[in-house]
Asker: 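One structure follows; several queries about it will come next.
Nothing here was measured: the structure is a model prediction, and the numbers come from that model.
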Amino acid sequence: MSDVVELSSDTQTRPTDAMRAAMVAAEVGDEQQRADPTVNALCERVATLLGQEAAVFLPSGLMCNLVAVATHTEPGQLVLLDRAAHIARAEAGGSALAAGVQVEVVDGERGVFGPDAVVAAHAEPSNYWPQLGLVALEQTHNFGGGSLWPLETYDAVVAAAHERDVPVHVDGARLMNAVVATGVDAARWGSGVDSIWIDFTKGLGAPFGAVLAGSHAFIERAWRFKHRFGGAMRQAGMMAAGCLHALDHNVDRLADDHANLRRLHDGLVGLGLDVTPPATNILFVDPRPIGRDAVELQAALLRRGVRLSVVHGRLRAITHLDVDASGVERALEAFAAELGRSIAGGS
């Protein structure tokens, strides 16, 4: 179906003509030899953006997490995570395979937990108890419905980890959504932690790539895992150019996605649906209270021209640069028609 309102994920964005032109014109070299000038420029820019010393370009955000976990930890250590974190739920056990670690999950509030969780997970050295090797946060939190870590809580968790000589890694796939939503600079989120990354293939609209940042020493160690995991590339400057274009043109406009998400949320609530509170560009809809199954409703809405994803019994909708305000209204009209209800506050 060509004319579909694509709300299944912000990974479905397509590069604009201007981004494609920038990619075609990019100066390139051998990235694996650290000789691609466009990749190098991107890494320098992202390191500065995130308040870190250095950065490395990787094919995907998942690889950023794998490389970071492997770089920070030793086999047999614990990685402390929210139960619904992407590392715990959506990476096929990759950290266990790549780094030999265990995950210690806690039940956060929409992905957010406090310093008490760090205290509870930390154990004195012992031959019996696995040692806490890493605390991993996710900002924004995907399965929390695009939820945001409050800065005070974030800082408290980081401090609790560092007081115990435990590093902190941040899955920042949608960090720039948090920056736009909170007004807190990316460097403020990034400078106090030990590693952090941003993804360019989601709301920033590039077709490829993520950048992991940290200290010079951390990035030097990370390069070895990048190579081991197949993340070293050749003339990757064309992809890096798309990422640079995204930083220049697609950050401030994330506010449009957040506004569209709030309209979608309000409309769905007006239709009587159980919807997660709006925070950034992600919401979940539980159709079970109105007697509908998520997979069945997903198929019905697709027939009406709206595509959503299903995650553990709930519909997920994500706004992005390829869905404008009129697309949101079309989505609400499809929901209303399918449910036999009227839209509240429609235009």
Asker: State whether Arg234 and Asp36 are salt-bridged, where the test is any N-O pair (Lys NZ or Arg NE/NH1/NH2 against Asp/Glu carboxylate O) under 4.0 Å.
Answerer: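 Salt bridge: no.
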Asker: Count the heavy atoms belonging to other residues, nucleotides or ligands that lie under 6.0 Å from CD of Glu296, then report whether that count exceeds 12.
Answerer: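 Enclosed: over 12 neighbouring heavy atoms sit under 6.0 Å from CD of Glu296.
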Asker: Under 3.5 Å, is there a donor on one side chain and an acceptor on the other for Asn260 and Asp324?
Answerer: no
Asker: Tell me whether Arg263 is salt-bridged to Asp266, with the criterion being a basic N under 4.0 Å from an acidic carboxylate O.
Answerer: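 Judged by the 4.0 Å cut-off on N to carboxylate O distance, Arg263 and Asp266 do not form a salt bridge.
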Asker: For the pair Arg188 and Asp155, find out whether any cationic side-chain nitrogen is under 4.0 Å from an anionic carboxylate oxygen.
Answerer: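 Yes, charged N to carboxylate O under 4.0 Å.
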Asker: Given the rule in the salt bridge (Lys or Arg N to Asp or Glu O under 4.0 Å) test, do Asp274 and Arg314 qualify, once you have shown the distances and angles that lead to the verdict?
Answerer: CA-CA 10 Å; Asp274 181 2; Arg314 298 185 298 173; over 6 Å; no
Asker: Are the charged groups of Arg304 and Glu333 less than 4.0 angstrom apart, N to O?
Answerer: no
Asker: Within a reach of under 6.0 Å around CZ of Arg14, are more than 12 heavy atoms found that belong to other residues, nucleotides or ligands?
Answerer: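 No - once you tally the heavy atoms of other residues, nucleotides and ligands closer than 6.0 Å, there are 12 at most.
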Asker: Taking only residues at least two apart or on different chains, which pairs with a member in residues 64-100 satisfy ring-ring contact (aromatic ring centres under 6.0 Å, His included)?
Answerer: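 For residues 64-100: His72-Phe218.
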Asker: Examine the side chains of Asp171 and Gln139 and answer whether a donor and an acceptor come within less than 3.5 Å of each other.
Answerer: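 Checked: Asp171/Gln139 side chains show no N/O donor-acceptor pair below 3.5 Å.
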Asker: Mark yes when over 12 heavy atoms from residues, nucleotides or ligands other than Met238 sit less than 6.0 Å from its CE; otherwise mark no.
Answerer: no
Asker: So Ser309 and Arg316, side chain to side chain donor-acceptor pair (under 3.5 Å) or not? Walk me through it.
Answerer: CA-CA 5 Å; Ser309 55; Arg316 185 183 69 171; 3.2 Å; yes
Asker: Consider only side-chain N and O atoms of Ser8 and Glu6, and report whether a donor and an acceptor are under 3.5 Å apart.
Answerer: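 Note: Ser8 and Glu6 side chains meet the donor-acceptor criterion.
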Asker: With sequence neighbours left out, which residue pairs that include part of residues 107-135 fulfil the side-chain hydrogen bond (donor to acceptor under 3.5 Å, both in side chains) condition?
Answerer: Arg83-Asp107
Asker: Salt bridge or not between Arg330 and Asp3? Use side-chain N to carboxylate O under 4.0 Å.
Answerer: yes
Asker: Which pairs, with at least one residue in residues 239-250 and sequence neighbours excluded, count as a side-chain hydrogen bond (donor to acceptor under 3.5 Å, both in side chains)?
Answerer: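 Counting only pairs at least two positions apart or across chains, the side-chain hydrogen bond (donor to acceptor under 3.5 Å, both in side chains) contacts touching residues 239-250 are Arg45-Asp248.
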Asker: Looking at residues at least two apart in the chain, or sitting in another chain, which of them share a ring-ring contact (aromatic ring centres under 6.0 Å, His included) with Phe284?
Answerer: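 With sequence neighbours excluded, Phe284 shows a ring-ring contact (aromatic ring centres under 6.0 Å, His included) to no residue whatsoever.
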Asker: Going by side-chain hydrogen bond (donor to acceptor under 3.5 Å, both in side chains), name the pairs with one or both residues in residues 206-227, residues two or more places apart or in two chains.
Answerer: Glu31-Lys226, Arg34-Glu220
Asker: Which pairs pass ring-ring contact (aromatic ring centres under 6.0 Å, His included) with one or both residues in residues 134-156, sequence neighbours excluded?
Answerer: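 Found Phe113-Trp149, Tyr154-Trp189.
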